[in-house]
Student: 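Sharing a structure with you now.
Naming convention: chains lettered A, B, ... in sequence-line order (proteins, then strands); numbering from 1 in each chain.
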Amino acid sequence: MAKSEQSSSSSSSSMVDSAPRPWESYNTVYTNAKAGMEGVDKEKVQRIVYEMSKGSKYFENEERKEAYMKQKIENMRNHLANLKATDISHYQRVADKRIAELDTTRDLSRIWLHVDMDAFYAAVETLSNPSLKGKPMAVGSMSMISTANYEARKFGVRAAMPGFIASKLCPDLIFVPTDFKKYTYYSDLTRKVYHEYDPNFTAASLDEAYLDITKVCKERDLSGGEVAEELRENVYKATGLTCSAGVAPNRLLAKVCSDINKPNGQFVLPNDRVAIMTFISSLPIRKIGGIGKVTETILKDVFEIKTCEDLLQKSSLLFALFSPSSAEFFVSVGLGLGGTEAPNVRSRKSMSNERTFSATKDEAFFNQKLVELSEMLSADMEKEDLHGKTLTLKLKTASFEVRTRAMTLQSYIRSSKDILKHASKLLKAELPVSLRLIGLRMSHFNEDKGGSGVSDPTQRTLLNFIKSGESNKETVVDEENSDPCFEHFSEIDDQNICSLNDDHENLQVIETCCSDNNNETGPSSSSSLMWLDDYKCLVCGIELPPSFVEERQEHSDFHLAQKLQQEEESEQTYKNLSFKHRMMSQKDGGVEKGKGKKKQKHAVTNGDHIPIDAFFTKRS
DNA sequence: GGGTCCGGGATCG
DNA sequence: TTCCACGATCCCGGACCC
C-alpha cells in the first residue's frame with residue numbers, strides 16, 4: 001500500500017470560536033488528503049481519532065514520543081541559533097560544492113515507470129466478491145486495517161488505522177480478513193505483464209513495481225506515457241484491476257508521479273531538467289519516499305522547509321546540522337535526483353517474527369511465546385538455508401515502550417533449541433515486566449560471507465546454487481565448531497556438476513541429487529529447490545512467479561549454461577580450491593562494489609531465449 | 001582515533 | 001463487544017576495544 005496513505009498533517013483549522021479543541025494538536029497520521037480522501041471532514045476524523053485514543057496507553061506513548069520530538073526540535077533550534085556567520089558560510093561552501101557535484105551526475109537518459117495498484121487488497125476482495133462493490137470496505141481486522149476501498153476512504157478510513165477506530169468513523173464498514181494467497185495470485189498476473197516491458201523489473205511489494213522502460217520506448221518508438229497507457233490496459237485485461245502509473249527519469253520521481261492521478265491514472269514527467277526543477281519546486285517534502293512524519297516535522301519546525309525547493313535554499317543549514325549522508329540525501333531530493341540504475345540484488349540482512357497479545361506479566365506465557373517464535377524463526381531460516389550469529393529479542397511493554405536486546409554468538413545457529421536457549425537468557429534479564437509483544441530477530445547470516453553467493457551477485461555459481469538446495473536438510477550446529485556452512489558445503493560432490501553436459505539432463509541430474517532429502521521428484525522439485533518460496537531464484541535473486549513456467553525453465557538453463565562455461569574455464573581450480581578460500585576471493589572480488597562499475601556477463605543466447613543479463617540485476 | 005557492536009528510532013508497505 | 005500489526009531496512013549515537 002502506498003506509504004503516503006499514512007501521511008500526517010496537524011492542520012489547524014480556522015478558529016471561529018475559542019472552545020478548546022485538544023484534538024487539533026494530536027498529530028495523527030490519518031488526516032492528510034490522499035487519493036479518495038478529498039472532501040473528508042478532516043476535523044471530524046481528527047476529533048474521533050483523538051476521542052477514541054485519549055487516555056489509552058497507546059495515546060500516552062504517542063505523547064511521550066511527541067515530547068521527545070519537540071525536545072529534539074528545540075535542541076536543533078538552539079544549535080542553529082548558535083551558528084556563527086563564519087560557520088554558515090563554511091557550510092554554504094560545502095553545500096554548494098556538493099550540489100554542483102551531484103548535479104553533474106544527473107542522468108536523463110532513462111525512462112522509469114512506477115506502477116501502483118489501486119487499493120490493491122480491497123480491489124482483489126471486491127473482484128472475488130462483487131457484492132462488496134460500492135460498499136465501504138476494509139481489508140484487515142479490528143486491530144489493524146491493511147487497506148480500505150475508496151468508498152471507505154470517504155469516511156476517513158485508511159491503511160494502518162485500527163479497525164475499531166475505522167468502524168467508529170464508518171459504522172457500516174465491512175471488514176474482510178486478509179488473504180495473501182489471493183493477493184499473491186493477482187500480483188503474479190500483474191508481474192507477468194510487467195515482465196513484457198522490463199524483464200528486469202523490481203517488485204517493491206505485492207502491488208508496486210519499478211520498470212525501466214527505456215528500451216521498450218526506443219524499440220517501439222513510443223513515449224513513456226504511451227507505454228504506461230498500454231501497460232495499465234494490459235494489467236486491467238489480465239486481472240480486472242486498475243492501477244496508476246508514474247513516468248519519470250528516475251525511480252524516486254516516478255514513484256511521486258504515480259501518486260498524482262490516483263486512482264486509475266498516470267502522470268508523466270519529461271526527461272528535461274527545467275521540467276524536473278519546476279515539478280520539484282512546489283512538491284511537499286512529505287511526498288518523497290524516506291521523508292516521514294518525524295522528518296517532515298523537524299524540517300518544517302526547525303528550518304521552515306516545506307517544499308523540495310526549500311531543501312536547496314536551506315542547504316547550508318542542513319549540512320551544518322545533519323550528518324553528511326542525510327544532508328546529501330536532502331539536497332539530492334532538492335535537485336530531483338534519484339536512482340536511475342537498476343537496484344542491486346540485495347541479500348537478506350535479517351529475519352524476524354513477532355507477536356502481539358494482551359498485556360501480561362505471566363512468565364510461563366512469555367516462555368510459551370518464545371518457544372513458538374523460536375520454532376517459527378528456525379523454520380523460516382531453514383527454508384532459506386540460513387544460519388545466524390546475532391539474536392535480538394524485541395519487547396513491547398504494556399506502556400508501548402519498545403526494547404531490543406541483542407547478543408552475538410561465537411558461532412552460527414539455526415535450531416529452535418539454540419534460538420530458544422539464547423532468547424530465554426535475553427528475556428530473563430528483563431524480568432519482571434509486563435509485555436504486550438515479544439519478537440525474535442536473527443541477523444549476521446553465514447551468507448554474509450558468501451555462503452550461497454547471494455552477497456556478491458557477480459559470483460553466482462551453480463555450485464552455490466546446488467549447495468543451497470542440498471543444504472536444506474537439517475544440520476546439527478555445534479556451537480563449539482566453526483562456521484557450520486563450511487562443513488555443510490563440503491558434503492557437495494563436485495563431480496556431479498563437472499560431469500554434466502546436456503542442459504536439460506543436467507538439470508534433472510541436479511534435481512535428483514538435490515532431491516535426496518526431499519520427497520518430491522521430477523520438475524516440480526526443481527522449482528521448489530531453485531525457487532525460494534516457489535518465487536525467487538536462489539542463484540541470483542530474480543523473482544519469477546510460478547506462472548512463468550517457460551521463463552523459469554529458461555532461467556534454469558541459463559544458470560546451467562553459465563555454470564558449464566565457468567566449469568570449462570576452470571574446472572580444476574574449482575575442485576582444488578577450498579570453499580573457504582573461494583569465499584575469500586568473492587570478498588576480494590567485491591572491491592568494485594560501490595564504485596559504479598558493472599560487471600558485464602555474456603551468455604549464449606538465441607532468438608528464443610531471454611539474454612541471461614536480463615535476469616541479473618545490474619550492479620551500480 | 002577508527003572499527004564494531006548495541007539499542008533506539010524512522011520509514012515503508 | 002472489539003481498543004493501534006508485522007516484517008524488513010537503514011541510520012545514528014554511544015560504548016567498548018585495540
Side-chain angles (χ1 to χ4, degrees), chain A residues 1-8 28-30 49 51-62 64-65 68-69 72 116-117 119-121 139-147 158-168 173 175 177-178 180 183 187 203-209 255 286 288-298 321-329 343 346-359 373 376-377 380 389-396 398-409 426 430 436-444:
Chain A
M1 303 297 102
K3 71 111 220 234
S4 36
E5 287 182 34
Q6 303 173 17
S7 297
S8 85
T28 69
V29 294
Y30 312 121
V49 173
E51 292 295 339
M52 299 215 54
S53 308
K54 188 177 58 171
S56 69
K57 298 276 185 202
Y58 175 81
F59 183 85
E60 287 171 15
N61 191 251
E62 288 301 295
R64 266 197 297 276
K65 278 156 60 180
Y68 175 78
M69 186 166 73
K72 193 170 171 182
D116 193 343
M117 300 300 294
F120 185 53
Y121 298 173
V139 176
S141 66
M142 262 315 154
S143 62
M144 192 52 72
I145 286 175
S146 291
T147 191
R158 62 193 308 166
M161 177 181 270
F164 70 94
I165 290 180
S167 60
K168 186 85 177 180
L173 187 67
F175 284 90
T178 47
F180 280 95
Y183 313 142
S187 182
S205 62
L206 283 179
D207 74 323
E208 277 183 56
K255 163 99 176 147
R286 189 62 161 83
I288 302 297
I291 299 185
K293 189 179 84 168
V294 175
T295 311
E296 179 194 34
T297 308
I298 290 174
L321 265 76
F322 286 99
S323 69
S325 69
S326 298
E328 184 159 316
F329 168 69
R346 290 185 301 182
S347 59
R348 177 187 279 285
K349 301 279 191 298
S350 70
M351 185 178 261
S352 67
N353 51 28
E354 61 187 57
R355 286 295 173 269
T356 297
F357 39 83
S358 32
L373 291 166
M376 280 157 57
L377 186 57
D380 286 348
K389 222 166 148 180
T390 301
L391 181 67
T392 306
L393 173 75
K394 176 176 170 179
L395 305 173
K396 196 186 276 179
S399 55
F400 285 83
E401 176 207 349
V402 176
R403 291 183 205 163
T404 58
R405 298 291 179 262
M407 69 195 295
T408 299
L409 307 166
L426 289 170
E430 301 299 312
R436 69 185 327 278
L437 173 145
I438 299 181
L440 290 177
R441 180 170 73 241
M442 192 67 86
S443 51
H444 281 126

Student: Any side-chain N or O of S323(A) under 4.0 Å from OP1/OP2 of dG13(C)?
Tutor: no

Student: Between E296(A) and K293(A), is there a salt bridge with N-O shorter than 4.0 Å?
Tutor: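 No.
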
Student: Over all strands shown, is S141(A) touching base, sugar-phosphate only, or nothing at heavy-atom distances under 4.0 angstrom?
Tutor: nothing

Student: Roughly how many Å is it from NZ in K65(A) to P in dA10(B), rounded to a whole number?
Tutor: 7 Å

Student: Which heavy atom of K389(A) sits nearest a heavy atom of M442(A), and at what distance?
Tutor: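 Closest pair (atom of K389(A), atom of M442(A), distance): N-SD, 4.2 Å.
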
Student: CD of E62(A) versus P of dA10(B): gap in Å, rounded?
Tutor: 10 Å

Student: To the nearest Å, give me how far apart CZ (F400(A)) and P (dG8(B)) are.
Tutor: 17 Å

Student: Whole angstroms only, please: what is the CE-C1' distance between M161(A) and dT2(C)?
Tutor: 16 Å

Student: Name the residue closer to the 5' end of DNA chain C, choosing between S56(A) and S326(A) according to the nucleotide with the nearest heavy atom.
Tutor: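 The residue closer to the strand's 5' end, by nearest nucleotide, is S56(A).
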
Student: Quick check on DNA chain B: between K72(A) and A204(A), whose nearest nucleotide comes earlier from the 5' end?
Tutor: K72(A)

Student: Testing I145(A), D207(A), V139(A) for side-chain contact (heavy atoms from CB on, under 4.5 Å) with Y121(A), which one passes?
Tutor: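 Single pass found, and it is V139(A).
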
Student: Picking from dG7(B), dC12(C), dC5(B), which would you name as closest to the side chain of A406(A)?
Tutor: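 The answer is dG7(B), which lies nearest to the side chain.
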
Student: Per the atom types in the model, does the base of dC12(B) pair as donor or acceptor with the side chain of S205(A) at under 3.5 Å?
Tutor: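 Result: no qualifying N/O pair found.
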
Student: Check whether any side-chain heavy atom of R436(A) sits under 4.5 Å from a side-chain heavy atom of T356(A), and report yes or no.
Tutor: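 Result yes, sub-4.5 Å side-chain heavy-atom pair found.
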
Student: In whole Å, measure the gap between the C1' atoms of dA5(C) and dT11(B) for me.
Tutor: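 dA5(C) and dT11(B) have their C1' atoms separated by 15 Å.
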
Student: Within this structure, what is the CG-to-C1' distance between L391(A) and dC5(B), rounded to whole angstrom?
Tutor: 15 Å

Student: Which atom names give the shortest non-hydrogen contact between S443(A) and K349(A), and what distance separates them?
Tutor: CB-O, 3.5 Å

Student: Within this structure, what is the NZ-to-P distance between K293(A) and dC12(B), rounded to whole angstrom?
Tutor: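 Value for this atom pair: 12 Å.
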
Student: Would you mind telling me which of dC4(C), dG8(B), dT2(C) lies closest to the side-chain atoms of R436(A)?
Tutor: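 Among dC4(C), dG8(B), dT2(C), the one nearest the side chain of R436(A) is dC4(C).
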
Student: On DNA chain B, does the nearest nucleotide to R405(A) precede the nearest nucleotide to Y68(A) from the 5' side, or the other way round? Give the residue.
Tutor: R405(A)

Student: Over how many whole Å does the gap from E430(A) atom CD to dG7(B) atom C1' extend?
Tutor: 11 Å

Student: What's the closest nucleotide to the side chain of S143(A) if the choices are dT2(C), dC5(B), dC4(C)?
Tutor: dC4(C)

Student: Looking at every heavy atom in both T390(A) and A406(A), which two are closest together, and how far apart are they?
Tutor: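 Reported closest heavy-atom pair: CG2-CB, 4.4 Å.
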
Student: Contact between L395(A) and I438(A) at the side-chain level, heavy atoms closer than 4.5 Å - yes or no?
Tutor: yes

Student: Any side-chain N or O of K396(A) less than 4.0 Å from the OP1 or OP2 oxygen of dA5(C)?
Tutor: yes

Student: Side chain of F164(A): nearest nucleotide among dT11(B), dG7(B), dC4(C)?
Tutor: dC4(C)

Student: Considering only dC4(C), dA5(C), dA10(B), which nucleotide approaches the side chain of A160(A) most closely?
Tutor: dA5(C)

Student: Grab the two heavy atoms, one from F59(A) and one from S53(A), that are nearest each other, plus how far apart they are.
Tutor: CB-O, 3.0 Å

Student: Measure from the side chain of M144(A), starting at C-beta and using heavy atoms only, and say which of dT2(C), dG7(B), dC4(C) lies closest.
Tutor: dC4(C)

Student: What integer distance in Å separates R403(A):CZ from dC6(B):P?
Tutor: 18 Å

Student: Checking all strands, does S167(A) fall into the base, sugar-phosphate, or nothing category for heavy-atom contacts under 4.0 angstrom?
Tutor: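 Contact class for S167(A): none.
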
Student: Give each protein N/O atom lying under 3.5 Å from an N/O atom of nucleotides 6-9 of chain C, with the pair distance.
Tutor:
residue: dC6(C); atom: OP1; partner: T356(A); partner atom: N; Å: 3.4
residue: dC6(C); atom: OP2; partner: T356(A); partner atom: N; Å: 3.1
residue: dC6(C); atom: OP2; partner: T356(A); partner atom: OG1; Å: 2.2
residue: dG7(C); atom: OP1; partner: R355(A); partner atom: NH1; Å: 3.2
residue: dG7(C); atom: OP2; partner: E354(A); partner atom: N; Å: 2.5
residue: dG7(C); atom: OP2; partner: E354(A); partner atom: O; Å: 3.3
residue: dA8(C); atom: OP1; partner: R348(A); partner atom: NH1; Å: 2.9
residue: dA8(C); atom: OP2; partner: S352(A); partner atom: N; Å: 2.5
residue: dA8(C); atom: OP2; partner: S352(A); partner atom: O; Å: 3.1
residue: dA8(C); atom: OP2; partner: S352(A); partner atom: OG; Å: 3.2
residue: dT9(C); atom: OP1; partner: K349(A); partner atom: N; Å: 3.2
residue: dT9(C); atom: OP2; partner: S350(A); partner atom: N; Å: 3.0
residue: dT9(C); atom: OP2; partner: S350(A); partner atom: OG; Å: 3.0

